[in-house]
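The structure appears right after this line, and notes come after that.
Sequential numbering from 1 along the given sequence is applied to the chain's residues.
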Amino acid sequence: HRVHIARAGFFDVTRDVVLESGPARIDIRLIPTPAYLAEYVGHAKQRRMLAAISAGAGFLAAAGGPRLLLWNPGKKQQAEDHFTAYKTEVEGKPAGTCDMTCAATLDILVSDLDAKRKRDVYGWVGVGAGGALLAVGTLIYALGDDPGRFDLKSERDPLASLRLRLGAGSLALSGFF
């Protein structure tokens with residue numbers, strides 16, 4: 001029998017085979033055309049770069065969030081101490097002696113304290129968004145194509161035939177030894 005295999009983006013393969021009784025297996029490796037290979041490798045490398053950028057940005061944000069959350073309490077305490085000290089000073093004055101400058105200073109100190117209290121939300125957003133970006137980057141990398149998929153591998157390399165396949169609700173590792 002003559003077997004002819006054709007697939008878009010790959011060179012055609014024709015083999016003559018003799019079938020005998022029992023199961024038969026024919027191993028044929030399709031070789032991609034240069035145009036298809038260039039497109040495939042370019043796309044795979046682009047996805048890997050996107051995965052690295054996403055995971056890197058996620059790592060930085062996830063690491064920066066807790067740093068802000070650990071650094072900010074000291075700043076909040078400092079602002080609260082400034083406000084309390086000035087408020088105590090103002091309360092020690094005779095009634096009605098707090099002029100426009102005094103009131104403006106109190107407003108500035110209250111605004112500063114309020115801003116430092118609200119800053120914690122940025123730390124929590126950094127932790128959440130960073131974790132999400134890190135997960136997305138890892139997922140893009142894991143599910144993306146391997147740019148070296150069509151590289152010729154040595155038959156002496158026992159790991160060269162190993163393949164990891166992700167499916168709907170499944171994970172499979174296969175190879176030839």
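- Between Asp114 and Lys118, at least one side-chain nitrogen of the basic residue sits less than 4.0 Å from a carboxylate oxygen of the acidic one, meeting the salt-bridge criterion.
- Of the inter-residue distances, the one linking Ile5 atom CD1 with Asp12 atom CG reads 9.5 Å to the nearest 0.5 angstrom.
- Annotation for Val13 and Arg29: closest pair CG2-O, 4.5 Å, computed over non-hydrogen atoms.
- Taken from NZ in Lys87 to SG in Cys102, the straight-line distance is 12.5 Å, to the nearest 0.5 Å.
- With values rounded to the nearest 0.5 angstrom, Lys75 atom NZ is found 14.0 Å from Leu113 atom CG.
- Using a cutoff of 4.0 Å between basic side-chain nitrogens and carboxylate oxygens, Glu80 and Lys116 are not scored as salt-bridged.
- Follow the hydrophobic side-chain contacts under 4.5 Å out from Met49 and you never reach Leu143; the two are in separate clusters.
- Contact record, Arg47 with Ile140: O-CG2, 3.6 Å, taken as the closest heavy-atom pair.
- Counting non-hydrogen atoms of neighbouring residues, nucleotides and ligands closer than 6.0 angstrom, the NE2 atom of His4 exceeds 12 such neighbours.
- Closest approach of Leu68 to Arg119, counting heavy atoms only: CD2-O, 3.7 Å.
- Between the CG atom of Asp107 and the CG atom of Asp112 there is a distance of 12.5 Å, given to the nearest 0.5 Å.
- Closest approach of Ser54 to Gly137, counting heavy atoms only: OG-N, 3.4 Å.
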List the atom pairs, with distances to 0.1 Å, where a side-chain N or O of residues 31-45 and a protein N or O form a donor-acceptor pair under 3.5 Å, not counting sequence neighbours.
from  : atom 1 : to     : atom 2 : distance (Å)
Thr33 : OG1    : Gly9   : O      : 3.2
Thr33 : OG1    : Tyr36  : N      : 3.3
Tyr40 : OH     : Asp146 : O      : 3.3

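- The side-chain heavy atoms of Arg2 and Thr14, taken from C-beta on, include a pair separated by under 4.5 Å.
- In terms of heavy-atom proximity, Ala63 sits nearest to Pro66 at O-CD, 3.5 Å.
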Could you list the donor-acceptor pairs under 3.5 angstrom formed between side-chain atoms of residues 120-135 and any protein atom two or more places apart in sequence or on another chain?
from   : atom 1 : to    : atom 2 : distance (Å)
Asp120 : OD1    : Asn72 : ND2    : 2.9
Asp120 : OD2    : Lys76 : NZ     : 2.7

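- By the 4.5 Å side-chain criterion applied to Ile, Leu, Val, Met, Phe, Trp and Tyr, Leu106 is assigned to a cluster that also includes Phe83, Tyr86, Val90, Leu109, Val110.
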